[in-house]
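What follows is a short report on a single structure.
The analysis underlying the following values was restricted to heavy atoms, covering all of them including side chains, and did not include hydrogens, waters or symmetry mates.
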Amino acid sequence: MRLIPASIAFFAMALPAAAEPANHDVFGTFYTQAGTSRVTIEDCGDGSPCGRVSAVNPDTLQPGTNPEDLRTKAGDPVIGLLILEGFEQKRSDWRGGTIYDPENDKTYAAHIKRLEDGDLELKGCVGPICQTQVWPAYAGD
């Protein structure tokens, strides 16, 4: 008879863990909060997320500038640029990674997770100070 209460307790503890993986499913394509570009997040090869710039909105560029011509300060093409990497899965999100901002050539500590509505919550941090952005999910053209 003691086995039944122990089994119930085990399954009750497992239920919250079963609900959490949605936060970890950060894979897909998202608009940046400013809407200037899209970032596609895929598996880095080890199960962790890596995000690359997959498109730049040409309407946000100077006249005569093409998205394919955009370069970082280091001279790397912006399209295809790896901007999210190094994450470790934690209880309710991904942490320990970085986000690179090609507009100001800075890298920040980052946390990411998927929200219930399908959008991506991203926190970029410098020390204990973080700024949160919500990147809407891209549904395709």
Side-chain angles (χ1 to χ4, degrees), residues 2-141:
R2 291 182 193 203
L3 185 58
I4 293 172
S7 297
I8 291 171
F10 173 77
F11 286 114
M13 290 186 327
L15 286 176
E20 289 176 341
N23 294 343
H24 295 117
D25 182 12
V26 297
F27 304 102
T29 301
F30 303 88
Y31 290 104
T32 58
Q33 183 168 292
T36 57
S37 58
R38 289 191 310 254
V39 175
T40 299
I41 301 175
E42 298 177 323
D43 186 329
C44 291
D46 61 359
S48 70
C50 283
R52 294 185 181 275
V53 176
S54 53
V56 174
N57 182 348
D59 298 335
T60 63
L61 302 175
Q62 302 262 341
T65 304
N66 294 318
E68 296 79 20
D69 299 332
L70 292 177
R71 298 281 185 258
T72 65
K73 289 184 180 182
D76 299 317
V78 172
I79 303 289
L81 183 67
L82 181 65
I83 65 167
L84 291 168
E85 65 179 326
F87 291 93
E88 294 179 21
Q89 186 174 343
K90 297 299 181 185
R91 183 179 179 118
S92 63
D93 61 5
W94 292 91
R95 293 181 180 242
T98 59
I99 181 167
Y100 172 71
D101 181 354
E103 289 183 25
N104 65 19
D105 194 36
K106 294 193 186 275
T107 300
Y108 304 96
H111 309 169
I112 56 175
K113 72 176 177 180
R114 191 71 166 257
L115 300 174
E116 288 183 22
D117 64 2
D119 294 343
L120 188 75
E121 180 183 273
L122 185 137
K123 293 183 182 185
C125 305
V126 176
I129 301 171
C130 297
Q131 179 182 11
T132 301
Q133 291 189 355
V134 175
W135 290 6
Y138 173 67
D141 291 331

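- Contact check for K123 versus T132: side-chain heavy atoms found under the 4.5 Å cut-off.
- S92 and H24 get closest at one heavy-atom pair: C-NE2, 3.9 Å.
- Between L70 and V53 the shortest side-chain heavy-atom distance does not fall below 4.5 Å.
- Under the side-chain hydrogen bond (donor to acceptor under 3.5 Å, both in side chains) criterion, D117 pairs with no residue, sequence neighbours left out.
- Considering only heavy atoms from C-beta on, D69 comes within 4.5 Å of N66 through its side chain.
- Contact annotation: the side chain of L84 never approaches that of V26 to less than 4.5 Å [non-hydrogen atoms, C-beta and beyond].
- For the atom pair OG1 (T40) and CD1 (I83), the distance works out to 10.0 Å, reported to the nearest 0.5 Å.
- With a 4.5 Å cut-off on side-chain heavy atoms, V56 and T36 do not count as touching.
- In this structure, the side chains of E42 and P49 stay at 4.5 Å or more apart for every pair of heavy atoms.
- Across all their heavy atoms, A137 and G118 have their closest contact at CB-O, 3.5 Å.
- Q33 places a side-chain N or O within donor-acceptor distance of the main-chain N or O of V134, the cut-off being under 3.5 Å.
- Taking each heavy atom of L82 and C50 in turn, the nearest pair found is CD1-CB, 3.8 Å.
- Counting all heavy atoms, side chain and backbone alike, S48 lies closest to D46 at OG-OD1, 2.6 Å.
- At least one donor-acceptor pair closer than 3.5 Å links the side chain of R114 to the backbone N or O of D25.
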What side-chain donor-acceptor pairs closer than 3.5 Å can you find for residues 95-105, not counting sequence neighbours?
from	atom 1	to	atom 2	distance (Å)
R95	NE	D93	OD1	3.0
R95	NE	D93	OD2	3.1
R95	NH1	H111	ND1	3.4
R95	NH2	D93	OD2	3.2
Y100	OH	D105	OD1	2.5
D101	OD1	E103	N	3.0
D101	OD2	N104	ND2	3.3
N104	OD1	K106	N	3.0
N104	ND2	Y108	OH	3.2

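- Interatomic distance, N57 CG to D59 CG, rounded to the nearest 0.5 Å: 4.5 Å.
- Taking both residues in full, the closest heavy atoms of I79 and P67 are given as CG1-O, 3.7 Å, listed atom of the first, atom of the second, then distance.
- W135 and Y31 get closest at one heavy-atom pair: CB-O, 3.0 Å.
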